[in-house]
Each structure stands twice: as C-alpha cells, then as structure tokens.
Amino acid sequence: MNAYIYIAIFTGFAVSYLIRVLPLTLIRKPIKNRFIKSFLYYVPYITLAVMTFPAIVEATQSPIAGIIALAVGIILSFFGAGLFPVACACCAVVFVAELLLV
C-alpha cells in the first residue's frame, strides 16, 4: 500500500477523535447560554435532514418524482399521519409519478 492510504486513514481517525474529545476536555461547566444550548439541541435534526433530503430527491429516476413525494410526505406528516402511512403514500406517489413522467 502506498503512503496516501495511511495518511487518509490517520486523517479520518484524527478528525473523528478530535470532534469527540475536544468538547469533553474544553467544556467543563454546564452550558448556560440559551443560543448555544438551542444550537446544540438542533444539531442532530439538522444533520439528519442534510443527509436525508438529498437522498430522497436523488433516489428516484426523476428528481421531480422525489420532490413530489417529499411534498406529499411533509403534508401528510403535518396533518398527523404516522410513519407507515406516510412511507406508503410516498412510495405510491413515486410509483405513479415515475409512470407518468418517464
């Protein structure tokens, strides 16, 4: 193996390790700032959204079908539908949209 692979592995290890260790070592007292607390509260949701939304649009043959299914899913969720009905409706919307668009 060449040195590039070892450098890439070490860099990945260092970045992952520092992200986990630095907050533990630098922040000793409880956080009292409302802005920082709210920021840290929403980080997992934002991370999930950033990873999920592009995958929804790119998982279909036509990005328009993914966008339509995303809109239907958001609307159904807003009106209180559960996870399973929303998933089934989105799958059906993608199926129909891909039949009509392709």
Side-chain angles (χ1 to χ4, degrees):
M1 286 202 239
N2 58 20
Y4 174 76
I5 293 174
Y6 292 114
I7 292 170
I9 291 172
F10 178 74
T11 304
F13 163 76
V15 169
S16 298
Y17 186 75
L18 288 175
I19 288 173
R20 289 168 176 81
V21 170
L22 281 179
L24 293 174
T25 58
L26 297 178
I27 303 173
R28 299 280 183 189
K29 298 182 225 173
I31 298 171
K32 295 183 180 175
N33 187 331
R34 283 180 47 196
F35 177 76
I36 293 175
K37 284 176 83 170
S38 67
F39 174 78
L40 292 174
Y41 177 79
Y42 287 111
V43 165
Y45 301 109
I46 297 299
T47 305
L48 182 64
V50 165
M51 294 183 331
T52 304
F53 288 140
I56 291 171
V57 174
E58 294 174 3
T60 59
Q61 281 182 329
S62 169
I64 295 172
I67 292 169
I68 295 169
L70 177 63
V72 167
I74 290 172
I75 291 168
L76 288 175
S77 298
F78 181 75
F79 288 112
L83 179 62
F84 187 70
V86 169
C88 290
C90 289
C91 289
V93 166
V94 167
F95 181 73
V96 171
E98 297 235 341
L99 283 175
L100 297 175
L101 293 174
V102 175

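Note: the hydrophobic cluster containing Ile19 does not contain Leu40 (ILVMFWY, side chain heavy atoms under 4.5 Å, direct or indirect links). Under a hydrophobic-cluster definition in which Ile, Leu, Val, Met, Phe, Trp and Tyr are linked whenever side-chain heavy atoms come within less than 4.5 Å, directly or via other members, Ile31 and Phe39 are assigned to the same cluster. By the rule that hydrophobic residues join a cluster once side-chain heavy atoms approach within less than 4.5 Å of another member, Ile36 and Ile27 end up as members of one cluster. Taken together through direct or relayed side-chain contacts under 4.5 Å among Ile, Leu, Val, Met, Phe, Trp and Tyr, Ile67 and Phe53 form parts of separate hydrophobic clusters. Leu26 and Leu18 fall within the same hydrophobic cluster, where Ile, Leu, Val, Met, Phe, Trp and Tyr residues are linked whenever their side-chain heavy atoms come under 4.5 Å apart, directly or through other members.
Other residues, nucleotides and ligands contribute more than 12 heavy atoms inside 6.0 Å of the CG atom of Leu99. Residue-environment remark: CD1 (Ile64) stays at or below the threshold of 12 foreign heavy atoms within 6.0 Å.
Distance check: Leu48 CG to Tyr45 OH gives 9.5 Å after rounding to the nearest 0.5 Å. Atom OG in Ser62 sits 11.0 Å away from atom CG in Leu100 (nearest 0.5 Å). Expressed to the nearest 0.5 Å, how far CG of Leu83 lies from SG of Cys88 amounts to 9.0 Å. Put simply, CG on Asn2 and OH on Tyr4 are 9.0 Å apart, with the number rounded to the nearest 0.5 Å.
Contact detail for Pro54 and Ala49: the closest heavy-atom pair is CD-O, 4.0 Å. Across all non-hydrogen atoms, the minimal contact from Val94 to Ala69 is CG2-CB, 3.4 Å. What you find for Thr60 and Glu98 is that their closest heavy atoms are CB-OE2, 3.0 Å. Nearest approach of Cys90 to Gly73, heavy atoms of both residues: SG-CA, 3.6 Å.
The shortest distance between side-chain heavy atoms of Phe95 and Cys91 does not fall below 4.5 Å.
With sequence neighbours excluded, the residues that form a ring pair (Phe, Tyr, Trp, His ring centres under 6.0 Å) with Tyr17 are Phe13. Considering only residues two or more places apart in sequence or on other chains, Leu76 meets the side-chain contact (heavy atoms from CB on, under 4.5 Å) condition with Val72, Ala81, Val86, Ala89.
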